[in-house]
Amino acid sequence: MAILVCGGAGYIGSHMVAQLLEKGEEVVVLDNFQKGHHDSLLGGKLYSGDLRDDAILHKVFTENNIDAVIDFAADSLVGESVTEPLKYFENNIGSTINLLKAMRDYKVKKIVFSSTAATYGEPDNIPILEDDRTFPTNPYGESKLAVEKILKWCDNAYGIKYTALRYFNAAGAHISGKIGEDHRPESHLIPLILQVALGQREKIMIFGDDYDTEDGTCVRDYVHVTDLANAHLLAVERLRRGEDSVICNLGNGKGFSVKEVIETTRKVTGLKIKAEMAPRRAGDPAVLIASSDKAKNILGWAPKYDSLQTIIETAWQWHKGHPDGYVK
Ligand code: UDP
């Protein structure tokens, strides 16, 4: 029985594939390579195609004995989602609907879905609990929340059991140094700071120092990509045991400010790393920290790389070894 990883050539998807292969699982990957990288795939049977294409889905589901699906395939640039909402609703919701149709038709009853802390929007409480109010402040978060609701009704109608995992700030790279983060364009804090460390960027801009936080900069909960992948594996195993659908946060329950992240990166790299203040970035909540008690209790999840220093060390190892990312 195989596990189908949709979007398996992306940042988190490729770490998922690595983890599944390490566990001896049979892996099938479907990716349209709009953002994914061939070199990020350490193995598995690859199908190149889009989830909105019925023909490729038919091929994947007829040629393989798929037992469970892990779905990472989505557009994920928050800023772009604000200027191009229809692209996000069409792709992120449309492709998952197509996937669910295929799962219904081929009687595949287990899915782990890549959701996001952006489903909460500006939080009412810290740490954020799964049953807190969801009020996304951008179309990206809205599209993921919509899929969570679609999953609920597909469970009700077709018995497709799901686990939706709401990630906080995915960061770090595989411990082997072979795979890591390569977004184009890059918009995430840690890889951008590391580009400064590599001399590819003159300075890191700190988006706002007038937030209601200790040092005035935004606080986020950074979680290692391998720990995220591991949570998906535990979620698949739990669904295989016949357990019910669930939504879980994935974070470390610890928050670090932008300034703390820059300071830790200076320590890890031993380099100066120039930083400069800039205005706030639209739509950034001041503080996002997860309660991951539910994931720990229900999935038995225990993050291994939970210190910011380790997260940055693994990211640095990847960026140093691949200063141009996955060379096309
Ligand atoms: N950030 C920053 N400078 C940058 C990129 C990001 O100050 O060049 C801040 C951003 O405002 C946020 C935090 O770093 O508070 C993490 O941003 P990122 O885009 O990595 O993840 P997000 O929290 O938006 O998912």
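Please read all numbers here as calculations on a predicted model, not as lab measurements. When a ligand or atom number is given, it counts from 1 through the structure's own listing order.
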* Report the residues that fulfil side-chain hydrogen bond (donor to acceptor under 3.5 Å, both in side chains) with Ser81, sequence neighbours left out, ordered by chain and then residue number. => none
* Arg104: what forms a side-chain hydrogen bond (donor to acceptor under 3.5 Å, both in side chains) with it, not counting sequence neighbours? -> none
* Asked: Can you check whether Trp318 and Tyr326 have ring centres sitting under 6.0 Å from each other?
  ->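 Distance test on ring centres: under 6.0 Å, yes.
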* Reported CG-to-OH distance for the pair Leu57 and Tyr106, which is rounded to 0.5 angstrom ->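 Rounded to the nearest 0.5 Å, the CG-OH separation comes out at 8.5 Å.
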* Would you call Glu276 and Lys203 a salt bridge, using N to O less than 4.0 angstrom? ->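 Looking at Glu276 and Lys203, the cut-off is met.
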* Pairs satisfying side chain to side chain donor-acceptor pair (under 3.5 Å), at least one member in residues 169-180, at least two apart -> Glu22-His174, His174-Ser176
* To do: Compile the protein residues with any heavy atom at a distance under 4.0 Å from an atom of ligand 1; present them by chain, then by number.
  =>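 Residues within 4.0 Å of ligand 1: Asn169, Ser187, His188, Leu189, Leu192, Ile204, Met205, Ile206, Phe207, Cys218, Arg220, Tyr222, Val258, Arg281, Asp284.
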